[in-house]
Trainee: 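Shown below is the structure under consideration.
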Amino acid sequence: MSGPNSEYDPVQVSGLSAEEVADLVELAKAAIGAATDLDELKAARLAHAGDRSPLALANREIGALPPQARKDAGQRLGQARAQVAQALSVRQATLEMEQEERILAEERVDMTLPVQRSSYGSRHPVTTGSELIADVFIAMGWEVAEGPVVEAEWLNFDALNLGPDHPARTMQDTFWVDPVEHAIVLRTHTSPVQARTMLTRTPPIYVVCPGRVFRTDEYDATHSPMFHQVEGLVVDRGITMAHLKGSLDHFATAMFGAGIDTRFRPSYFPFTEPSAEVDLRCFVCRGEEPAVATCRTCRGEGWIEWGGCGVVNPRVLVACGVDPEIYTGFAFGMGIDRTLMFRHGIADLRDLFDGDIRFSAAFGSEL
Amino acid sequence: MRVPLSWLREYVELPDAISAEQLAAELTALGLKLEALEHVGSDMRGPLVVGRVLTVQPEAQSNGKTINWCTVDVADANGSGEPQGIVCGAHNFAPGDLVVVVLPGGALPGPVEISERKTYGHVSAGMICSARELGLGDDHTGIIVLPPDSAAPGDDAFALLGLRDVVIEFEINPDRAYALSLRGVAREASLAAARRGLVAAFTDPAARATPTPNDAGYPVAVEDSASCPVFVTRGVSGFDAGAPTPPWLARRIQLAGMRPISLAVDITNYVMLELGQPIHGYDADTLLGPLRVRRAAAGERLTTLDGVERDLGPDDLLIADDSGPIGLAGVMGGATTELSATTTRIVIEAAHFDPATIFRGQRRHKLPSEASRRFERGVDPTIPEAAADRVAELLVRYGGGTVEPGVTKVGAAAGRRTVSMAADLPGRVTGMEISVATTLANLRAVGCEVEAAGSALSVTVPPWRPDIDAPFDLVEEVARIVGYEQVPSVLPPAPPGNGLSRSGRLRRRVGRTLAAEGLVEVISFPFIGSAALDALGLPDDDSRRALVRLANPLSSEEPALTSTLLPGLLRAAARNLGRGASGVALFESATVTLPRGSGAAPIYGVDRRPTATELAALDAALPDQPEHLGVVVAGERERSGWWGPGRTGDWTDVLAAIQAVARALGVDIRAHGAQRAPWHPGRCAELRAGDRVIGHAGELHPAVCAAHGLPARAAAAEVHLGALLGLAADIVPGPTLSAFPVAKEDVALVVDESVAAADVEAALRAGAGELLESIALFDIYTGDQLPVGKKSLAFALRFRAADRTLAEGEAGHARDAAVAAAAASCGAVQRR
């Protein structure tokens, strides 16, 4: 092999004419345009822009040209190679995009397929209902109080002005822990929590106590030996029945919607005086004609029995160490299960305690 | 209390402007709650008239029956005045008797439409009625034969028999015992009318002039005057034992819910209903010596009117004569001295008894009666004389004979109670605007006498209101007449609260976590029997067999409170699978009950707050009631589908659920192999938080699955949720995150198959030093590559420093130290 010009070929050098370069560019563009996928484009790149492509070879020969011709030839070939590279780049982008589209199209799945491999969990509506109720009162600044389910007779009865010979004790059929002389019961209401609260806190007291209670009722669609109550207790200076009414109206509205308020009827509970039954305005017919006449929820009454309430009997305050000369209070109690049965149209109380997952699942994890 | 309006109107002049429905609504607003309102007789239609039987022609029939072809004079009621021909199947009547006839066009309850019809060869134009056919009771043994001369043919029978009436049934609260009488309801009805701006004058039926007691009535000796403050006797002689009860009186008793029995008995019941004073009548010819009111001696016995022989004791208050006990005072009379079909001399007892004594007696003998219901709630102690007088009057009016002049009265009603009340108290307690004038008027309206004494009122309570003994009782009386509907609605000004308690928040977190894990919450009854514990396979000495028992369980099969949540959960799981669920994952959180201490809770007085020591004694007597969390997983956990096969739930699911709860609470719990029922002995974990055992989890023993009808591999866990909540992280310190590169080192360690993975991990963790960021077991291998009895555990270790990039070899050194520690404590050999 000789020096740089040893392969000098005048014929080829003469091929560097503008026309020939233009032809090569056209040839390259045609090949690039004809490439239908990235592999064909790769072949075209090799043939027309690779190291052994005519333009590359021509470029290599520029140095062998006479100095006066180098500039022109260099410019011509540079522009030509740039055109080819540009065409390659554009085609490359197009083909890549096409390929991606093709892959994405191929990867399509049926998005309607079922995807849940295990079943959903849920909390019990009595749990979430109790939370809902508690939250209504917590939002007003009240707190939640708790007490034991197996409770001392004194707290379940005596402290609440239900003396041993009080006829009202027959109103509540009590489960007694054996032996009866031990004076321990399954609490028949959440009211002992009232007593416990007053015994352990000093007024002002604003508490709500949801919890399970027991009575010796046979188990049927509307009775259960175990059910749930929520008790409210407020003891403060200057508390009146009007505050009781206000609290229950607010509770009713929060649970059943705007316009649903309550009605009081005189009643009797040993732990409150004056006492009242509280009725809830029927949230289905709202007690309005003509809907009320045929309403199945309230049976045409316009009102639904909801619970009991009243002004805390001063005797209870005394037994619990609150000075009735300074403080008054009110208390109320209603069935949580019963409230939920209204609210959700549950026909059979037993559905709450049967443990059938279809029941809890229907309510999801919040009410 | 059932109140026929026609009867009520005798004592209160109810204007026509107030309907029965309105009256019931107003009485409800006053505190006598409407139970039911019945338009009696609205299902009957006339003509229904009195007839006189003219002829009775018995005719034997081929079916063996004998019917009577009768002619009956119904005067002009049939339009013609001719005798009415009627076929009648009854035989208890004769020509001349007055009967009740429904004529064609009429209708009886059923409904039975009456028309002329051919039967037994006659055209029968109507029907002669029995008591049952007219809704007058159950008597269908014959037709009604009216007392002679009590009516005339053609008279309207509706009015005569009181067939049409309105009966309002009230639920009477224990503090309104006075409303267990027409007298009491009439007084309230007058107030009810006033609520509508109407005047309804009330006449007190107990206000009657009575002869002065003279000790000449049947003799009485009261040995226990505390239990029997008043005892009055009157006498009637020459009484016609066969005299019938007037139909109107029988009808009133029946509409009030009692059964007519005989004239004398019906009258005692009538007066009880009218005045609220229970009355007992004795056949004087069966009494031996004076009536004694005394406590029973042990061993005495009494056969009560209901035919039951009862053992008596010193707690029982008796009426006795020289023959021994003849009545359970205020509860029920005895059989030997009762009024009978031959009684001609009657001793009337009208007494007042201590409510608590009657309550206890009635409870002890499980013998609630109309009398005890009134006495135990409190009867007006001032009316026994009036009541006895009223009985005597009615007895001789309808049964003949004479009222004896003797009136015995032992004891006297206690003086009327006076309660002092601040004049503005009703307004202060109820939040209503109540003037002193209103307070005075309302207290007087319920029968109080009121005198103003400065800013206080001195209120003398009427004797029929033993429930009123404190100022707040008076407030209720004032307020209910003002109207509870007038109570304004005002929110109380609660001070700022602290929101949900910490344990409350944590409990919600636990429930949400488990629901998010796919578990469904259930609520079970806490009742349990030994069978359920046997089904769990608990050994005899298992602490969970110690139960708190109930004295009066609903079922003898489940006489105790449960010590574990598992029975309820396993039952619920089986029930769901039985109802077609392919798999079930449940949780329950509740307290369980565990015996503790002596268990006897003191009873304190209620006149003061118990001391702290006394309160502590109450709590100490109660059983331990820890809060538990139970979980059960059975059957399919992940369903099979287009993605491939499903997965059966197993021990890993329950452990994962508990771990999720622990993580949610920020408590680090570790599993340790353990053996405990009801779990599979090789697949049970004891769960510990630090050194504290907080529960167990694992696969249920196959025998337990079988006993509960659960599929194999069913798994369960039970943990002490209360303890977990107590351990929950309070304020979590924020972590410092290192951005320096992590160095990953994997090691495979060969150990004996019996070595717990957690122990190897703990050793690695301990040996790796503080550069260790995390450690995870990612593979377990047993097989041909290893000696028998060995397994290989592969762990991924990640190392990172807080302040620098680890130097070359630094992670390797830490790894080697970890492996060395595992080798030392677990005999681990690194697999190359």
Side-chain angles (χ1 to χ4, degrees), chain A residues 113-114 117-119 121-124 126-127 138 140-144 148-150 152-154 158 165 167-168 175-178 180 182-184 199 204 206 225-226 234 239-243 245-246 249-250 264-268 273-274 276 311 314 319-321 353 355-357 360-361 365, chain B residues 28 31 173-175 356 359 376-377 429-431 472-473 475-476 479-480 484 487-492 494-497 499-501 504 511-512 515 517-523 525 548-552 554 572 575-576 584 591 593 599-601 603-604 606 609 618 622-623 625 637-638 642:
Chain A
L113 287 172
R117 299 183 190 209
S118 55
S119 49
S122 56
R123 291 193 294 155
H124 197 280
V126 165
T127 304
I138 287 170
M140 291 196 287
W142 300 32
E143 292 178 6
V144 175
V149 164
V150 185
E153 178 185 2
W154 188 83
D158 301 66
D165 290 321
F175 282 110
W176 293 85
V177 166
D178 189 46
V180 172
H182 278 187
I184 295 175
L199 286 164
Y206 289 78
M226 180 182 87
V234 166
I239 289 297
T240 73
M241 274 181 100
H243 295 128
K245 181 78 162 60
D249 282 343
H250 179 75
F264 285 176
R265 280 183 287 111
S267 187
Y268 172 76
E273 187 76 38
V311 175
C320 296
F353 307 122
D356 193 314
I357 51 176
S360 285
S365 60
Chain B
T28 298
N173 283 316
D175 63 335
F359 175 68
E376 74 191 15
R377 286 166 170 77
V429 170
T430 61
F472 277 52
D473 300 330
V475 170
E476 179 171 281
R480 73 188 180 97
Y484 276 19
V487 175
S489 186
V490 179
L491 279 174
L500 202 55
S501 69
R512 288 178 183 142
E517 289 283 310
L519 283 85
V520 177
E521 185 180 17
V522 297
I523 294 179
F525 291 160
V548 171
R549 301 179 68 86
L550 293 171
N552 56 336
L554 278 187
R575 186 176 299 130
N576 277 290
V584 64
T591 56
T593 311
I603 298 281
Y604 302 122
V606 292
R609 178 189 198 277
L618 280 181
L622 297 180
Q625 298 170 65
R637 186 77 183 98
E638 288 174 15
W642 59 269

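Below, chain A is the first sequence line, B the second, and so on; all start at residue 1. Keep in mind that the numbers below use all heavy atoms, side chains included, and drop hydrogens, waters and symmetry copies.
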Trainee: Below 4.5 Å, heavy-atom pairs only: which of B:G499, B:A572, B:P495, B:G504 has the largest tally toward chain A?
Mentor: B:P495
Trainee: Of all the heavy-atom pairs spanning B:P488 and B:G431, show the shortest one and how long it is.
Mentor: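 B:P488 and B:G431 have their closest heavy atoms at CG-O, 3.2 Å.
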Trainee: Quick one: pull up OH in B:Y484 and NZ in A:K245 and give me the separation to the nearest 0.5 Å.
Mentor: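 NZ of A:K245 is found 13.0 Å from OH of B:Y484.
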Trainee: Taking atom CD of B:E638 and atom OG of A:S119, what is their separation to the nearest 0.5 Å?
Mentor: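 It comes to 10.0 Å.
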Trainee: With a 4.5 angstrom heavy-atom cut-off, could you sort out which part of B:N576 is near chain A: side chain, backbone, both or neither?
Mentor: side chain
Trainee: Most heavy-atom pairs under 4.5 angstrom with chain A, which of B:V522, B:V548, B:T430?
Mentor: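 Most heavy-atom pairs under 4.5 Å with chain A: B:T430.
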Trainee: So which of B:S489, B:G511, B:G497 has the largest heavy-atom pair count under 4.5 angstrom toward chain A?
Mentor: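 Highest number of pairs under 4.5 Å: B:S489.
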Trainee: Minimum heavy-atom separation for B:P492 to A:I239, with atom names?
Mentor: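 It is CB-CD1, 4.1 Å.
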Trainee: Given heavy-atom pairs under 4.5 angstrom as the criterion, report whether the side chain, backbone, both or neither of B:V487 touches chain A.
Mentor: both
Trainee: Would you mind telling me which of B:I523, B:I603, B:V584, B:V429 has the largest number of heavy-atom pairs within less than 4.5 Å of chain A?
Mentor: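 Sorted descending by pairs with chain A, the first entry is B:I523.
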Trainee: At a 4.5 Å cut-off on heavy atoms, which part of A:Y206 comes close to chain B: side chain, backbone, both, or neither?
Mentor: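 Answer is side chain: those atoms of A:Y206 sit under 4.5 Å from chain B.
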Trainee: What distance separates A:I184 CD1 from B:L550 CG, expressed to the nearest 0.5 Å?
Mentor: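 CG of B:L550 is found 11.5 Å from CD1 of A:I184.
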Trainee: So which part of B:T593 gets closer than 4.5 Å to some heavy atom of chain A, the side chain, the backbone, both or neither?
Mentor: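 Contact with chain A involves the side chain of B:T593 alone.
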Trainee: Heavy-atom cut-off 4.5 Å, strictly under: side chain, backbone, both or neither for B:L519 against chain A?
Mentor: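 When you check distances to chain A, only backbone atoms of B:L519 fall under 4.5 Å.
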Trainee: How long is the span from the OG atom in A:S267 to the CZ atom in B:R480, to the nearest 0.5 Å?
Mentor: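 Atom-to-atom, A:S267:OG and B:R480:CZ are 12.0 Å apart.
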Trainee: In terms of heavy-atom proximity below 4.5 Å to chain A, should B:R512 be classed as side chain, backbone, both, or neither?
Mentor: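 Interface part for B:R512: both.
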Trainee: Counting heavy-atom pairs closer than 4.5 Å to chain B, which one of A:P314, A:A276, A:A183 comes out on top?
Mentor: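 Going by pairs under 4.5 Å, I would pick A:P314.
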Trainee: At a 4.5 Å cut-off on heavy atoms, which part of B:E517 comes close to chain A: side chain, backbone, both, or neither?
Mentor: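 Neither the backbone nor the side chain of B:E517 comes within 4.5 Å of chain A.
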